[in-house]
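Since the structure comes first, as structure tokens, the remarks are kept for the end.
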Amino acid sequence: MSVLNDTENMANATAPQPALNASSPWAHRAEILENPLRTYLLGIIISICGNILISISLNIQKYAHVRHSQRDSKPYYTSPVWWCGVALMGVGELGNFAAYGFAPASLIAPLGCVSVIASAVISVIFLKETVRVSDVVGGTLAITGTYVLVTFAPHTTTHITAHLIQYYIVSWFFVLYLSLEVLLFCILLYVYKKRNVKHIVVVMLLVALLASLTVISVKAVSGMITESIKGQLQFIYPIFYVMLVIMIASCAFQIKFLNQAMKMFDATEVVPINFVFFTASAIVAGIVFYQEFEGLALLNIFMFLLGCLLSFLGVFLIARNRPKIKQKDPDFIALDKIPSRSHTDKVQPEVNTQTYGSLAAKLMCKSASRTHHDS
């Protein structure tokens with residue numbers, strides 16, 4: 001057997017190889033994709049850059065909303081600044097999508113805290129928001145946690161192919177995991193829709209369960225695209241399109257429930273809870289489906305979880321009690337907008353007070369008395 005292997009190696013070594021300049025970009029790309037450590041670092045760099053772009057886009061959109069609230073002229077979606085922010089967010093999300101093809105899902109998901117840190121820094125520098133003690137402490141904890149989880153995360157890089165995805169899907173522990181997830185999702189959906197329980201934990205758990213499928217499908221699609229770029233075409237297998245449909249559907253419903261949460265609850269509650277739940281679901285999905293913690297030392301697992309915990313605390317402190325955009329209150333009536341009125345103050349009684357509506361009642365009584373007197 002060893003003689004046969006030696007013969008094959010000699011044949012491969014003497015076989016004519018395609019002329020490829022070592023300094024050419026194609027040779028450099030092939031070297032990066034074949035080097036596990038470089039592939040791992042490439043995924044981390046792409047994810048960090050994508051999250052920074054997302055934070056920049058969020059602040060650009062926030063600036064567009066602030067300017068719209070001050071001018072109150074055209075709708076915000078007609079502003080080129082707002083669309084610039086949307087475009088940057090698309091590029092950042094595309095970077096996160098590509099990062100899943102190079103690094104473990106259990107590592108890419110916690111790196112989302114980079115977006116929260118960068119957003120806080122940008123809002124202080126460009127939007128002139130005040131620096132709070134919780135921002136400094138939270139940023140320090142999040143940066144420390146990011147360093148710890150990157151250092152102790154699994155450094156193995158798996159080549160995601162269609163055959164591997166098919167093998168993972170039919171494994172008994174994933175079937176059990178998916179069954180429990182579907183059962184829990186149905187229970188939570190029944191409680192949320194039929195029982196009308198509008199608690200933030202219920203809504204965010206629905207988002208997290210969908211995010212678990214999103215992470216699995218995104219890594220599968222991104223990994224198969226990466227393998228196709230390397231020369232092993234994966235588009236010919238039906239499993240690629242199955243995972244693509246799952247990715248699109250889970251993303252759509254995830255955004256739907258997330259928007260409902262943003263309407264019902266404050267962003268300072270939704271952002272940290274969504275980050276914690278999404279990261280936890282992504283880590284569990286990576287462990288169960290892609291078996292990313294297989295062979296990892298106990299110390300590495302403990303330090304990785306510690307890094308995630310520090311990142312969670314940092315994001316919570318940064319997102320807590322963030323200043324809101326000051327908008328014009330539509331409940332106030334400007335008297336200078338009323339014809340024949342030159343007064344510029346804003347008068348509006350409180351709704352819950354006994355004087356609410358008394359001003360209009362008095363005006364109506366005076367108008368009625370004048371009409372009666374004239375008649």
Side-chain angles (χ1 to χ4, degrees), residues 36-59 89 91-125 131-157 208 211 215 218-219 222 268 270-287 290 292-293 296-297 299-320 322:
L37 182 59
R38 287 194 177 184
T39 304
Y40 175 82
L41 294 177
L42 181 62
I44 295 175
I45 294 173
I46 292 176
S47 178
I48 291 176
C49 292
N51 283 304
I52 292 176
L53 283 178
I54 291 174
S55 64
I56 294 174
S57 70
L58 290 175
N59 281 276
M89 175 170 284
V91 175
E93 293 293 351
L94 186 62
N96 272 335
F97 171 78
Y100 279 99
F102 297 99
S106 56
L107 173 62
I108 298 300
L111 289 178
C113 67
V114 174
S115 177
V116 180
I117 300 171
S119 181
V121 173
I122 293 171
S123 63
V124 169
I125 296 175
V131 181
R132 305 169 303 168
V133 177
S134 59
D135 294 334
V136 178
V137 176
T140 304
L141 288 176
I143 292 174
T144 305
T146 302
Y147 173 78
V148 172
L149 65 89
V150 167
T151 303
F152 292 94
H155 291 187
T156 56
T157 303
V215 168
V218 163
K219 183 170 178 61
S222 179
T268 57
V270 175
V271 170
I273 294 178
N274 179 59
F275 173 71
V276 172
F277 283 9
F278 173 81
T279 304
S281 65
I283 293 173
V284 173
I287 294 174
Y290 293 103
E292 293 177 347
F293 277 22
L296 195 65
L299 176 61
N300 287 57
I301 297 176
F302 174 77
M303 294 301 295
F304 177 82
L305 296 178
L306 177 62
C308 291
L309 179 60
L310 293 177
S311 300
F312 294 162
L313 291 176
V315 170
F316 173 77
L317 291 175
I318 293 174
R320 187 186 64 172
R322 296 297 302 175

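What's counted below: heavy atoms across the whole structure, side chains too, no hydrogens, waters or symmetry copies.
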Notebook entry, point to check: Looking at Leu149, Thr151, Ile143, which one forms a side chain to side chain contact (heavy atoms under 4.5 Å, CB included) with Tyr147?
Noted result: Thr151
Margin query: What verdict does the side-chain contact (heavy atoms from CB on, under 4.5 Å) test give for Asn96 and Leu111, after you've listed the backbone C-alpha separation in whole Å, the side-chain angles of each residue and the deciding distance to 0.1 Å?
Written below: CA-CA 10 Å; Asn96 272 335; Leu111 289 178; over 6 Å; no
Next item on the list: List the atom of Val271, the atom of Ala319, and the distance in Å for their closest heavy-atom pair.
Entry: CG1-CB, 4.3 Å
Margin query: Using side-chain heavy atoms (C-beta onward) and a distance below 4.5 Å, is Val137 in contact with Thr140?
Written below: no
Note to self: Is there a side-chain contact (heavy atoms from CB on, under 4.5 Å) between Val215 and Ser281? Walk through the geometry before answering.
What the structure shows: CA-CA 9 Å; Val215 168; Ser281 65; 5.6 Å; no
Next item on the list: Find the distance between CD1 (Ile273) and CZ (Phe316) and round it off to the nearest 0.5 Å.
Entry: 8.5 Å
Check: Does any non-hydrogen side-chain atom of Tyr40 lie less than 4.5 Å from one of Pro104?
Finding: yes
Item checked: Distance-minimising heavy-atom pair for Ile46 and Gly95 -> CG2-O, 3.0 Å
Check: When rounded to the nearest 0.5 angstrom, what is the spacing between NE2 in His155 and CG in Leu41?
Finding: 8.5 Å
Next item on the list: Look at the side chain of Ser47 and the backbone N and O of Gly43, then say whether any donor-acceptor pair between them is shorter than 3.5 Å.
Entry: no
Check: After noting the C-alpha distance and the side-chain angles of Ile48 and Ile44, does the key distance pass the side-chain contact (heavy atoms from CB on, under 4.5 Å) rule?
Finding: CA-CA 6 Å; Ile48 291 176; Ile44 295 175; 3.8 Å; yes
Next item on the list: Would you please test Cys49 and Ile45 for side-chain contact (heavy atoms from CB on, under 4.5 Å) and show each step?
Entry: CA-CA 6 Å; Cys49 292; Ile45 294 173; 4.1 Å; yes
Item checked: Heavy-atom closest pair, residues Ile283 and Cys308 -> CD1-SG, 3.7 Å
Checklist line | Shortest non-hydrogen contact between Leu58 and Met89, atoms and distance | finding: CD2-CE, 3.2 Å
Check: What distance do Ile117 atom CD1 and Thr146 atom OG1 have between them, rounded to the nearest 0.5 Å?
Finding: 5.0 Å
Check: Is any side-chain heavy atom of Cys113 less than 4.5 Å from a side-chain heavy atom of Phe275?
Finding: yes
Next item on the list: Please report the shortest heavy-atom distance between Val315 and Pro272, naming the atom on each side.
Entry: CG1-CA, 4.0 Å
Checklist line | Parallel, tilted or perpendicular, as decided by the 30° and 60° cut-offs, for the rings of Phe304 and Phe293 | finding: perpendicular
Checklist line | Polar side-chain atom of Ser55 near backbone of Ile52 as donor-acceptor pair, under 3.5 Å | finding: yes
Checklist line | Atom pair CD1/CD1 of Ile56 and Ile122 - distance to nearest 0.5 Å | finding: 4.5 Å
Notebook entry, point to check: Can you name the residues that form a ring-ring contact (aromatic ring centres under 6.0 Å, His included) with Tyr100, not counting sequence neighbours?
Noted result: none
Notebook entry, point to check: Which atoms form the tightest heavy-atom contact between Ala153 and Leu107, and what is the distance?
Noted result: CB-CD1, 3.9 Å
Margin query: As an exercise, state the distance from CZ of Phe97 to NZ of Lys219, rounded to the nearest 0.5 Å.
Written below: 11.5 Å
Notebook entry, point to check: When rounded to the nearest 0.5 angstrom, what distance separates CG in Leu306 from OG in Ser311?
Noted result: 9.5 Å
Next item on the list: Without swapping roles, check the side chain of Glu292 against the backbone of Pro154 for a donor-acceptor pair under 3.5 Å.
Entry: no
Notebook entry, point to check: Any donor-acceptor pair under 3.5 Å linking the side chain of Ser119 with the backbone of Val116?
Noted result: no
